[in-house]
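Computation of the quantities below employed the complete heavy-atom set of this structure, encompassing side-chain atoms and omitting hydrogens, waters and symmetry-equivalent molecules. All values derive from a computational prediction rather than experimental measurement. Remember, it's 1-based here, ligands and their atoms both numbered in the order they're listed.
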Amino acid sequence: MRIPDKVCLITGGGSGIGEATARLFAAEGARVAVVDVDAVNGERVVAQIRETGRPALFVAADVADEAAAAAAVDQVAAHFGRIDVLFNNAGVSAVGDVAQCEPADWDRVMRVNVRGVYLMSHYVVPVMRRQGGGVIINMSSTIAVVGLESRAAYAASKGAVLALTRAMAADHSRENIRVAALLPGTVYTPFVEGYLRRHYADRMDEAVAQLKRRQLNNELMRPEDVAYAALYLASDEARFALGTALVIDGGVSAAKVFA
Ligand SMILES: NC(=O)c1ccc[n+]([C@@H]2O[C@H](COP(=O)([O-])OP(=O)(O)OC[C@H]3O[C@@H](n4cnc5c(N)ncnc54)[C@H](O)[C@@H]3O)[C@@H](O)[C@H]2O)c1
């Protein structure tokens, strides 16, 4: 067991990377709380974890709504008595360059991806302070460090999360609250599959091949590949990972591929 009995609050735990992380953390000994706007999927993940004999809790909340975020943190802390790990994973995307991106889409992406991370951290930090420490993992993306076309709002939001992570590490490391960011490349989740189906409906194979060409290997990254990185950051093994930006991207940011 890598994280025995740790209470781990995972936002967006009803799907994709969050779901894989919830399952892996539970299997590694954690008591998991899934916080998601999607009650059907959130309840499903929690029910499946409970079937394995591990305790788990679902809380329906929009992380970008202040009252809902505060209530979710209260509920998890009251239920388990503490919060050892906060994984700020919930996120949404929008497609388009700055000229194409409508203000409403810009606001929606920034609201969930940046305000959501801020609000959950805002309410969890005092809990961690009271108990003497904890770990906060913020979901950024490789797009925070390498430009990708047609993702203006999403890139801005993930860059903000990376900068916020470093600011939080500077503020809270001495309180024994360890803060780090995860920067995945493209992971084949419902988030990405939905995007490909909407934009490349009749050319899915070509779109998937293009994804792989950006990497240094020829495989699609799975949610579990990121969940294992989150597990490392959540564990005591990562005690020197302060303000760390952990890139898991199949080499996308390491080398330029001329294919
Ligand atoms: N999939 C990728 O290629 C990739 C790459 C880098 C970073 N990321 C980031 O990883 C995170 C998870 O992505 P995924 O691919 O697993 O997505 P996903 O769409 O499969 O899952 C996201 C989950 O977040 C929930 N959610 C959305 N808005 C919410 C809100 N306001 N409050 C609470 N829950 C909310 C959704 O209901 C869903 O269950 C996101 O932050 C995403 O930006 C994804």
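- Follow the hydrophobic side-chain contacts under 4.5 Å out from Val161 and you reach Ile177 in the same cluster.
- The only member of Lys6, Arg2, Arg178 that meets salt bridge (charged side-chain N to carboxylate O under 4.0 Å, His left out) when paired with Asp236 is Lys6.
- Residue Val192 has at least one heavy-atom neighbour below 4.0 Å for each of these atoms of ligand 1: 1 (N), 2 (C), 3 (O).
- Ligand 1 has no atom lying under 4.0 Å from any heavy atom of Gly194.
- Of all protein heavy atoms, the one lying nearest to atom 5 (C) of ligand 1 is Gly185 O, 3.0 Å.
- Nearest non-hydrogen protein atom to atom 3 (O) of ligand 1 is Val187 N, 2.7 Å.
- At least one heavy atom of Lys158 sits less than 4.0 Å from an atom of ligand 1.
- Remark: Glu43 CD to Arg50 CZ distance equals 7.5 Å, nearest 0.5 Å.
- Using a 4.0 Å cut-off to heavy atoms of Gly16, the atoms of ligand 1 that qualify are 16 (O), 20 (O).
- In terms of polar-atom proximity, defined here as any N/O pair under 3.5 Å, Ser15 does make such a contact with ligand 1.
- By the 4.5 Å heavy-atom criterion applied to side chains, Thr186 and Met221 are not counted as neighbours.
- Taking CD of Gln75 as the reference point, atom CZ of Phe80 lies at 10.5 Å (rounded to 0.5 Å).
- There is no side-chain donor-acceptor pair under 3.5 Å between Glu219 and Asn217.
- In this structure, the separation between OH on Tyr118 and OH on Tyr123 is 6.5 Å, given to the nearest 0.5 Å.
- Taking any N or O of Asp62, backbone or side chain, at least one lies under 3.5 Å from an N or O belonging to ligand 1.
- Residue Asp38 approaches ligand 1 through these ligand atoms, each under 4.0 Å from one of its heavy atoms: 37 (O).
- Below 3.5 Å of separation, one finds an N or O of Val63 facing an N or O of ligand 1.
- Here the heavy atom of the protein found nearest to atom 35 (C) of ligand 1 is Val37 CG2, 3.5 Å.
- Annotation: atom 40 (C) of ligand 1 to nearest protein heavy atom, Asn89 O, 3.2 Å.
- On a distance-only criterion, Ile17 and ligand 1 share at least one N/O pair closer than 3.5 Å.
- In this structure, the protein non-hydrogen atom closest to atom 6 (C) of ligand 1 is Pro184 O, 3.4 Å.
- Remark: side-chain polar atoms of Asn176 are paired, donor with acceptor, to backbone N or O of Gly132 under 3.5 angstrom.
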Check your understanding: Stepwise, does the side-chain contact (heavy atoms from CB on, under 4.5 Å) test hold for Asp249 with Leu183?
Key -> CA-CA 7 Å; Asp249 69 352; Leu183 282 70; over 6 Å; no
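- Remark: Thr11 OG1 to Phe87 CZ distance equals 7.5 Å, nearest 0.5 Å.
- Scanning Ser141, Ala72, Gly91 for the heavy atom closest to atom 22 (C) of ligand 1 points to Gly91.
- Rounding to the nearest 0.5 Å gives a distance of 11.0 Å between OG1 of Thr142 and NZ of Lys158.
- Heavy atoms of Pro190 come nearer than 4.0 angstrom to ligand 1 in at least one pair.
- Close contacts of ligand 1 with Val112, meaning ligand atoms under 4.0 Å from a residue heavy atom, involve 28 (N), 31 (N).
- Contact atoms of ligand 1 toward Ala61: 32 (N), 33 (C) (distance under 4.0 Å to a heavy atom of the residue).
- We find the CG-CG distance between Leu164 and Asn88 to be 8.5 Å, quoted to the nearest 0.5 Å.
- For the pair Arg111 and Asp62, the salt-bridge criterion is met [side-chain N within less than 4.0 Å of a carboxylate O].
- Of all protein heavy atoms, the one closest to atom 17 (O) of ligand 1 is Phe191 CB, 3.2 Å.
- Protein heavy atom in closest approach to atom 8 (N) of ligand 1: Tyr154 OH, 3.4 Å.
- Side-chain contact between Val63 and Leu119 is absent, with no heavy atoms from C-beta onward closer than 4.5 Å.
- Of the polar atoms of Asp36, at least one N or O is found under 3.5 Å from an N or O of ligand 1, judged by distance alone.
- Under a 4.0 Å heavy-atom criterion, Ser140 is in contact with ligand 1.
- Atom 24 (O) of ligand 1 has Gly12 CA, 3.3 Å as its closest protein atom, hydrogens excluded (heavy atom only).
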